[in-house]
Participant: 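A single structure is presented below for examination.
Sequence lines set the chain letters: A, B, ... in the order given, protein chains first and strands last, and positions in each chain run from 1. Note that these values count all heavy atoms, side chains included, but never hydrogens, waters or copies made by symmetry.
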Amino acid sequence: MQNAEIADALTELATLYELDGAVRYRVLAYREAARVIRQSPVSVAELAREGRATELPGVGKTLETKIAALLDDGEIPAAAKLKAKFPPSLIEVTLIPGLGAKTARRLYDEAGIESLDGLREAAEDGKLRDLKGLGERAEQNILAALERLATEGPAERLLLSEVLPVAEQLAETLRAHPASEAVTVAGSARRWAETCKDVDLIATASDPAALAGTLSEHPLAATAGSSGSSGARIVTHNGVKVDLRIVAPEAYGNLLQHFTGSKEHNVELRERAVRMGLSVSEHGILEAESGESARYATEAEVYERLGLAYVEPELREGRGEIAAAERGELPELVEVGDLRGDLHCHTTLSDGKSSLAEMAQAAQDRGYEYLAVTDHSATHGFGDHVTADDLRRRIEEVAELNQKLGTEDFRVLAGSEVNIQTDGSPDYPDELLAELDWAIGSVHTSFRISRAEMTKRIVAAVEHPLLDCIGHLTGRLIGRREGYEVDVEKVFEAAAANGTMIEINANPNRRDLRESHATLAADAGVWICVNTDAHRAASLEFIGYGIATARRAWLTADQIANTRGWKQFSGMRKRAK
DNA sequence: GCCGTTTTCGGCCCGACTGTTTTCAGTCG
């Protein structure tokens, strides 16, 4: 059973308990455990079988027993019992914005509402207004929410790459306004999370109302909400919700820290502050004893007041960064500027949109020392495959291009992204692979084989002496496709033993290795390389998303192979050994 | 239900907003 399935079951049980009126903290404990399990890089099912699930923070004896029952019987007895007590379709009702478990339970007890259909009927018949605490306004809001759900489906999170360009463009416009003093993109976009729900902009300005008006009147705004001296709210034409909050410069650090999040980071920060006799909010830090409140212009001062080293936004996820900041043991994170080359891209030879020369030029423009051109291989399909003869010609073309460039400072590597076939073998003969400068092995077919077979398949590729690197290890597409099942720990163990690199694919749809796997791989001693998988010259820019994943995985430049210059990197390739 | 610079019980973040209500509970981020 996958971690996500266990997490889903615990989340459902949390809501069932909440509907049943359990104490708040029990519900919170189940939700927190679900979060930790969802994020875990290792199989929680395996941990539970070994009786080690309690090693996860937030999982105690009780939860371990419940997970074991879920694995053995496919359900948790407590959940089954509660589902007999009231209709489980009541859970859907709690998903309507503005309705929670308390209200849902009262709708059931007092109006016999069991589901979204029942809720709609009652609202249309004007029956909800009879319940204490609800009125006509609530009826209208519920009907509007049901309508939105029917037409738009559940609110989905947007890919960071859909949100970040919009956020940056809006921030740039605001920065250019004469009344603006500082504007920062905050929230999950600042943390470079995989997906975002909305955009938070934090600003300070000499004329706040004027700055807020600028956002409301921005051409990207499809609809504008209220706008005043404290901020403004818009929805862009591509459906991104944007909140601008404007604050006095003295408290800019407090507000920025608060709205950068994450929620989990902030909760942990505030809990720690309480133990120090301090109360932290977006407005400042209050000392309980003296009653004195302090405001800070910068985030660094906020962290300093709490006895912590500055925490980079990408680390603020409640994954131990506060404890590390306290000990002064936060890693010095890798940066985009540390990279010396990109080792995965495509050209018009397979499914890319730019030529070999255009890709090389773009890499030189970025200041790289090397670019591996890795078009798809012989069995790729879609008419985009590259035959063995095509590849031999490509090797010659690359040699000619390098000669023409005539510099020691930059070189193109003749490479390939080779399909790992179902039996784990590459789809070019070894003699041809040996002529390449660089080869990546990737899985592009037969995703649905068993976890054991997939693990065996990829480990075989890892052990192949002429595959230098494994591409997009799990094949996931964020929000669209789960990755294939594979025992990543076994793969990393083999990769470390064989000197096979594993990439962080920077494509914002992939970001694969995901961050928890990247941490695990680096800890296992695997060389990571961060590559774009660019299919056009402009897409070399996507490297920022891959570096963000590396940073969110706590990685330093040291742990990334392609931060080395060519001389050193060339010797680190498996084929060079 | 979890956890320990308040260790095996008694705590467990902070504030804004909403809709309903004359002081607040529920929900949300």
Participant: Whole Å only: how far is the CD atom of A:Glu139 from the C1' atom of B:dT20?
Facilitator: 14 Å
Participant: Looking only at atom types and distance, does a side-chain atom of A:Glu139 sit under 3.5 Å from a main-chain N or O of A:Leu128, one as donor and one as acceptor?
Facilitator: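 Confirmed, A:Glu139 side chain pairs with A:Leu128 backbone.
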Participant: State whether a side-chain donor-acceptor pair under 3.5 Å links A:Arg31 with A:Thr15.
Facilitator: yes
Participant: Do A:Asp8 and A:Arg38 pass the side chain to side chain contact (heavy atoms under 4.5 Å, CB included) test, and can you show the C-alpha distance, the side-chain angles, and the key distance before you say yes or no?
Facilitator: CA-CA 9 Å; A:Asp8 287 345; A:Arg38 199 178 297 279; 2.9 Å; yes
Participant: Check this one for me: any side-chain N or O of A:Lys66 less than 4.0 Å away from OP1 or OP2 of B:dG1?
Facilitator: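 Yes, A:Lys66 has a side-chain N/O under 4.0 Å of OP1/OP2 on B:dG1.
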Participant: Just checking A:Leu99: base, sugar-phosphate only, or nothing, at a heavy-atom cut-off of under 4.0 Å?
Facilitator: sugar-phosphate
Participant: Given side chains that start at C-beta, do those of A:Thr94 and A:Glu18 come closer than 4.5 Å, heavy atoms only?
Facilitator: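 Answer no - side chains too far apart.
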Participant: Does B:dG26 have a Watson-Crick or wobble partner in any strand here, with both distances under 3.5 angstrom, and which is it?
Facilitator: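 B:dG26 is paired, partner B:dC17.
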Participant: Which of residues 298-324 of chain A have a heavy atom under 4.0 Å from DNA chain B?
Facilitator: none
Participant: Taking it one step at a time, do A:Leu159 and A:Asn509 satisfy side chain to side chain contact (heavy atoms under 4.5 Å, CB included)?
Facilitator: CA-CA 7 Å; A:Leu159 215 52; A:Asn509 292 284; 3.0 Å; yes
Participant: Expressed as a whole number of angstroms, how long is the span from A:Ile37:CD1 to B:dC2:P?
Facilitator: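 It works out to 10 Å between those atoms.
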Participant: Take atom P in B:dC12 and the same atom in B:dT6, then report the distance between them in whole Å.
Facilitator: 12 Å
Participant: Given the rule in the side chain to side chain contact (heavy atoms under 4.5 Å, CB included) test, do A:Leu63 and A:Leu56 qualify, once you have shown the distances and angles that lead to the verdict?
Facilitator: CA-CA 11 Å; A:Leu63 271 159; A:Leu56 295 164; over 6 Å; no
Participant: Atom CZ of A:Arg137 and atom CD1 of A:Ile142: how far apart are they, to the nearest 0.5 Å?
Facilitator: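 With rounding to 0.5 Å, CZ (A:Arg137) is 12.5 Å from CD1 (A:Ile142).
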Participant: State whether the number of non-hydrogen atoms from other residues, nucleotides or ligands found under 6.0 Å of A:Glu329 atom CD is greater than 12.
Facilitator: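 Buried by this count: over 12 neighbours within 6.0 Å.
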Participant: Quick one: label A:Asn141 by what it contacts on the DNA or RNA (base, sugar-phosphate, nothing), any heavy atom closer than 4.0 Å.
Facilitator: sugar-phosphate
Participant: Quick one: A:Leu28 CG to B:dG11 P, roughly how many Å, whole number?
Facilitator: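 My rounded result for the distance is 17 Å.
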Participant: Roughly how many Å is it from CZ in A:Arg245 to P in B:dG15, rounded to a whole number?
Facilitator: 15 Å
Participant: Mind checking if A:Glu282 touches a base, just sugar-phosphate, or nothing, with heavy atoms under 4.0 Å?
Facilitator: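 Sugar-phosphate contact only.
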Participant: Checking all strands, does A:Ala33 fall into the base, sugar-phosphate, or nothing category for heavy-atom contacts under 4.0 angstrom?
Facilitator: nothing
Participant: Should the ring pair A:Tyr303 and A:Tyr310 be called parallel, tilted or perpendicular, given that the plane angle runs from 0 to 90° and is split at 30 and 60?
Facilitator: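 Rings of A:Tyr303 and A:Tyr310: perpendicular, over 60°.
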Participant: Do you know which two heavy atoms are closest between A:Leu520 and A:Pro41, and how far apart they sit?
Facilitator: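 So the two residues come closest at CD2-CB, 3.9 Å.
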Participant: Here's a test of your reading of the structure: between A:Gly100 and A:Tyr30, which maps to the more 5' nucleotide of DNA chain B?
Facilitator: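 Checking each residue's closest nucleotide, the 5'-ward one belongs to A:Tyr30.
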Participant: Using heavy atoms and a sub-4.0 Å distance, could you list which residues of residues 269-281 of chain A are near DNA chain B? By number, please.
Facilitator: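 Contacting residues: A:Arg270, A:Glu271, A:Val274, A:Arg275, A:Ser279, A:Val280, A:Ser281.
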Participant: Using a cut-off of 4.0 Å on non-hydrogen atoms, how would the nucleic acid contact of A:Gln140 be classed: base, sugar-phosphate, or nothing?
Facilitator: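 No contact at all - A:Gln140 keeps every heavy atom at 4.0 Å or more from the nucleic acid.
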Participant: Near A:Glu482 CD, under 6.0 Å, is it more than 12 heavy atoms from other residues, nucleotides or ligands?
Facilitator: no
Participant: Is the shortest distance from a Lys or Arg side-chain nitrogen in A:Arg120 or A:Asp117 to a carboxylate oxygen in the other one below 4.0 Å?
Facilitator: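 A salt bridge is present here (some side-chain N lies under 4.0 Å from a carboxylate O).
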Participant: Rounded to the Å, how far apart are A:Glu268 CD and B:dC12 P?
Facilitator: 16 Å
Participant: With rounding to the closest Å, how many angstrom separate the C1' atoms on B:dC28 and B:dC13?
Facilitator: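 The same atom, C1', in both gives a distance of 14 Å.
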Participant: Using the C1' atom on both, measure B:dC2 against B:dT7 and round to a whole Å.
Facilitator: 13 Å
Participant: May I ask you to decide whether A:Glu46 forms a salt bridge with A:Lys490, counting only side-chain N to carboxylate O separations under 4.0 Å?
Facilitator: no
Participant: Could you tell me which residues satisfy side chain to side chain donor-acceptor pair (under 3.5 Å) with A:Thr151, sequence neighbours excluded, listed by chain and number?
Facilitator: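 Result, side chain to side chain donor-acceptor pair (under 3.5 Å) vs A:Thr151: none returned.
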Participant: If the C1' atom of B:dG19 is compared with that of B:dT5, how far apart are they to the nearest Å?
Facilitator: 43 Å
Participant: For A:Arg272 and A:Glu326, what are the C-alpha separation, side-chain angles and deciding distance, and is it a salt bridge (charged side-chain N to carboxylate O under 4.0 Å, His left out)?
Facilitator: CA-CA 11 Å; A:Arg272 184 172 176 283; A:Glu326 188 170 5; 3.2 Å; yes
Participant: Listed in order of residue number, which residues of residues 104-135 of chain A have a non-hydrogen atom at under 4.0 Å from DNA chain B?
Facilitator: A:Gly133, A:Leu134, A:Gly135
Participant: What integer distance in Å separates A:Lys102:NZ from B:dC28:C1'?
Facilitator: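 Checked: the NZ to C1' distance equals 14 Å.
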Participant: Which residues in residues 1-26 of chain A have a heavy atom closer than 4.0 Å to any atom of DNA chain B?
Facilitator: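 The stretch gives A:Tyr25, A:Arg26 as the residues lying under 4.0 Å from the strand, ordered by number.
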Participant: Using whole Å, what does the distance between atom P of nucleotide B:dT18 and atom CD1 of A:Ile96 come to?
Facilitator: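 Checked: the CD1 to P distance equals 19 Å.
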Participant: Identify whether any heavy atom of A:Val59 sits under 4.0 Å from a base atom; if not, whether one sits that close to sugar-phosphate; answer base, sugar-phosphate or nothing.
Facilitator: sugar-phosphate
Participant: Is the number of heavy atoms from other residues, nucleotides or ligands under 6.0 Å of A:Glu493 CD greater than 12?
Facilitator: no
Participant: What is the nucleic acid contact for A:Phe259, judged by heavy atoms within less than 4.0 Å: base, sugar-phosphate only, or nothing?
Facilitator: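 It contacts nothing in the nucleic acid.
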Participant: List in numerical order all residues of residues 67-87 of chain A for which some heavy atom is under 4.0 Å away from an atom belonging to DNA chain B.
Facilitator: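 Nothing qualifies; none.
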Participant: Between A:His258 and B:dC13, is there a side-chain N or O to OP1/OP2 distance below 4.0 Å?
Facilitator: no
Participant: Using the C1' atom in both, what is the distance from B:dT8 to B:dT18, to the nearest Å?
Facilitator: 41 Å
Participant: For the C1' atoms, the ones on B:dC9 and on B:dG15, what distance do you get once it is rounded to whole angstrom?
Facilitator: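 Straight-line distance between the two C1' atoms is 29 Å.
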Participant: State plainly whether the residues A:Glu321 and A:Arg191 are in salt-bridge range, i.e. N to O under 4.0 Å.
Facilitator: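 No salt bridge links A:Glu321 with A:Arg191.
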Participant: In this structure, how many angstroms lie between the P atom of B:dC13 and the CD1 atom of A:Ile285, rounded?
Facilitator: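 Taking CD1 of A:Ile285 and P of B:dC13, I get 17 Å after rounding.
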Participant: Spell out, as yes or no, whether a donor-acceptor pair under 3.5 Å connects the side chain of A:Arg511 to the backbone of A:Ala193.
Facilitator: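 Flag set: sc A:Arg511 to bb A:Ala193 pair under 3.5 Å.
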Participant: Please state whether the phosphate of B:dG29, meaning OP1 or OP2, lies under 4.0 angstrom from any side-chain nitrogen or oxygen of A:Lys197.
Facilitator: yes
Participant: Decide whether A:Asn3 and A:Gln39 meet the rule of one side-chain donor and one side-chain acceptor closer than 3.5 Å.
Facilitator: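 No, because no side-chain N or O of A:Asn3 sits under 3.5 Å from a partner of the opposite role on A:Gln39.
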